[in-house]
Chemist: 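Here's a structure for you.
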Amino acid sequence: MSKDEVVSPHVLIFPLPLQGPVNCMLKLAELFAINRLRVTFLNTIYIQNLLLKHTNVQSRFSNYPEFHFETIPDGLSEDHPRSSDKLLDLADGIEEVMKPLFIEMLTFGKMSSKSSTPVTCIIADGGYTFVVDVAKDVGIPILYFDTISPCALWTYFCLPRLIELGEVPFKEEEYDKRVTGVCGTENFLRCRDLPSFFRIRDLSDRIIQYNLQEIHEIPRSQGMILNTSEHIDGPIISQLSSHCPNIYSIGPLHALYKSILLSAQKTSEQANYSNSLWEDDNSCMTWLDAQPHKSVIYISIGSLAILTGDQLLELWCGIVYSGKRFLWALRPGSIADKDEKSKTVEELSDATKDRGCIVSWVFQEQVLAHPAIGLFFTHSGWNSTLEGLIEGVPMICWPYLLDQQVNSRFVQEVWKVGIDLKDRYDRVAIEKAVREIMEDKKDEFQKSCSRMAKLARQSVGDQDGSSHCNFSRLVEDIKMMRLLKPSS
Ligand code: UDX
């Protein structure tokens, strides 16, 4: 191909093989397809099989002739649990198996067997630090999409300064000490609010080193996509832009997605398909229909977190003693040690049949939008946080890992839409927080949640919203992208 030959835009989308990133990137991919961009979506074989089993992705995306799925192995055996306590196995599989295959696919132009046009833009998860080097080698522009929260990403960028100031590593006795090295958060961020993996003893820790690499590689890309908006994260976006000047904030993406699909004459049903890696149990929607307005606590710890038997029991007792109705999405495999305590839970569960509904997995966006939901008991994953925020549902945060520790602090201190119960695994604290949000300070929380929901919706509500404008700019920039050097 000659250098001047015009090539039609073709985006390669490469999500991390986890529920949150896959969900976000599928939505982004469909928005591109609606805008007539050619898209190749590269999933791991494992994730693709789960999507084919539990969702309608195949038929949904067959409506877009320029959209194709491709797959790549993740290097793990089929029966590997791929759970949060085994994320380092996944990192090994990616490094040893996926990375060389990806490089080969891209270098020899074999990225899409179903499309003859070359890839003109790569959108990869910020966690794939190796992609920027390959992209530069083959001359394809790259944008990183960091699907974690921008507030946590900002702490990653501050890590060198935190180390320089001696604020990381920190000791357990220092958990409540204010952190000074994360610019803009000095008034409220404590050591315990830093990402879970900052709780290390030794800076040679693998995840810390990985993190340092990530903040080195992301600014080498042509731009960074974030799942947030100016209204939610204005100050954080401006801090991040000192490292990555070209930022596209297009969130909350699930709401932007609905807004664009509806304006593209899709039906409400078509704008509400789930990308779940587990089977959605929709029976809970009928149960919710029968519950009074804002009376139900929705409980979920997301797609990765695992509860110990002790934590499960404390959570159960806190919820049950609060006397409120509840809907619990108890993901298969989310309890570590099924022992005597689980039996107690079974008894409790029998005793609360009249006011509780327990299922294994729900279509969360729909659940949070239901008028019966009055409180979200969450692990503070970034997608869950945005989904709760936009529906104006107050939250009790019980963060476990990764960015969740930072998100929960922002929920309480910045957006003021919930209570952060980080590191407090006790029933009394849970029951008290439930009563505070659903009874004592109900009006106060409702007011701040409505305010934040309104702000979040402004970014995606109409064509002039900031996330709409940033998305249009992203599409136009992709259309302008040309290969940086001719492919062979
Ligand atoms: C973790 C991180 O905390 C997150 O910030 C990061 O981006 C990915 O890894 P996870 O446990 O998957 O995330 O949480 P979250 O980001 O909240 O994503 C979970 C997704 O699963 C949400 O979109 C939620 O709607 C969905 N979900 C969860 C369901 O559809 N049904 C359920 O029953 C539970």
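Not measured: the values here are computed from a predicted model. When a ligand or atom number is given, it counts from 1 through the structure's own listing order. What you see below is based on every heavy atom in this structure, not just the backbone, and it leaves out hydrogens, waters and symmetry mates.
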Chemist: Considering heavy atoms of the protein only, find what lies nearest to atom 33 (O) of ligand 1 and give residue, atom and distance to 0.1 Å.
Modeler: V362 N, 3.0 Å
Chemist: Is atom CZ of R220 surrounded by more than 12 heavy atoms (other residues, nucleotides or ligands) closer than 6.0 Å?
Modeler: yes
Chemist: Do any nitrogen or oxygen atoms of T385 lie less than 3.5 angstrom from nitrogen or oxygen atoms of ligand 1?
Modeler: no
Chemist: State, without any angle test, whether Q48 and N43 hold a side-chain donor-acceptor pair at a distance under 3.5 Å.
Modeler: yes
Chemist: Need the ligand 1 atom indices (1-based, order shown) with element for anything under 4.0 Å from a heavy-atom of D403.
Modeler: 2 (C), 3 (O), 4 (C), 5 (O)
Chemist: For ligand 1, which atoms sit closer than 4.0 Å to a heavy atom of N23?
Modeler: 23 (O)
Chemist: Can you check whether E387 has an N/O within less than 3.5 Å of an N/O in ligand 1?
Modeler: yes
Chemist: So, regarding S300 and ligand 1 (criterion: nitrogen or oxygen to nitrogen or oxygen, under 3.5 Å), is there a contact or not?
Modeler: no
Chemist: Are side-chain heavy atoms of N275 and R60 found at a separation under 4.5 Å?
Modeler: yes
Chemist: Kindly confirm or rule out an N or O of S360 lying under 3.5 angstrom from an N or O of ligand 1.
Modeler: no
Chemist: Just wondering, more than 12 heavy atoms not from R451 lying within 6.0 Å of its CZ?
Modeler: no
Chemist: Regarding R409 and the six-membered ring of F188, is the cationic atom NZ or CZ under 6.0 Å from the ring centre and inside 45° of its axis?
Modeler: no
Chemist: Does the N or O separation between E365 and ligand 1 drop below 3.5 Å for any pair?
Modeler: no
Chemist: With ring centroids as reference points, do Y248 and F471 lie under 6.0 angstrom apart?
Modeler: no
Chemist: For Q19, is at least one N or O under 3.5 Å away from an N or O on ligand 1?
Modeler: no
Chemist: Is it the case that ligand 1 has an N or O less than 3.5 angstrom from some N or O of S149?
Modeler: no
Chemist: Heavy-atom contacts under 4.0 Å between A329 and ligand 1: side chain, backbone, both, or neither?
Modeler: side chain
Chemist: Backbone, side chain, both or neither: what part of H254 comes under 4.0 angstrom of ligand 1, heavy atoms only?
Modeler: neither
Chemist: Could you tell me whether some N/O pair between N383 and ligand 1 is separated by less than 3.5 angstrom?
Modeler: yes
Chemist: Do Q364 and S384 get their side chains close enough for a donor-acceptor pair, meaning under 3.5 Å?
Modeler: yes
Chemist: Pairing donors with acceptors under 3.5 angstrom, does anything connect the side chains of S283 and D281?
Modeler: yes
Chemist: How does L304 reach ligand 1, by side chain, by backbone, by both or by neither, if only non-hydrogen atoms under 4.0 Å count?
Modeler: both
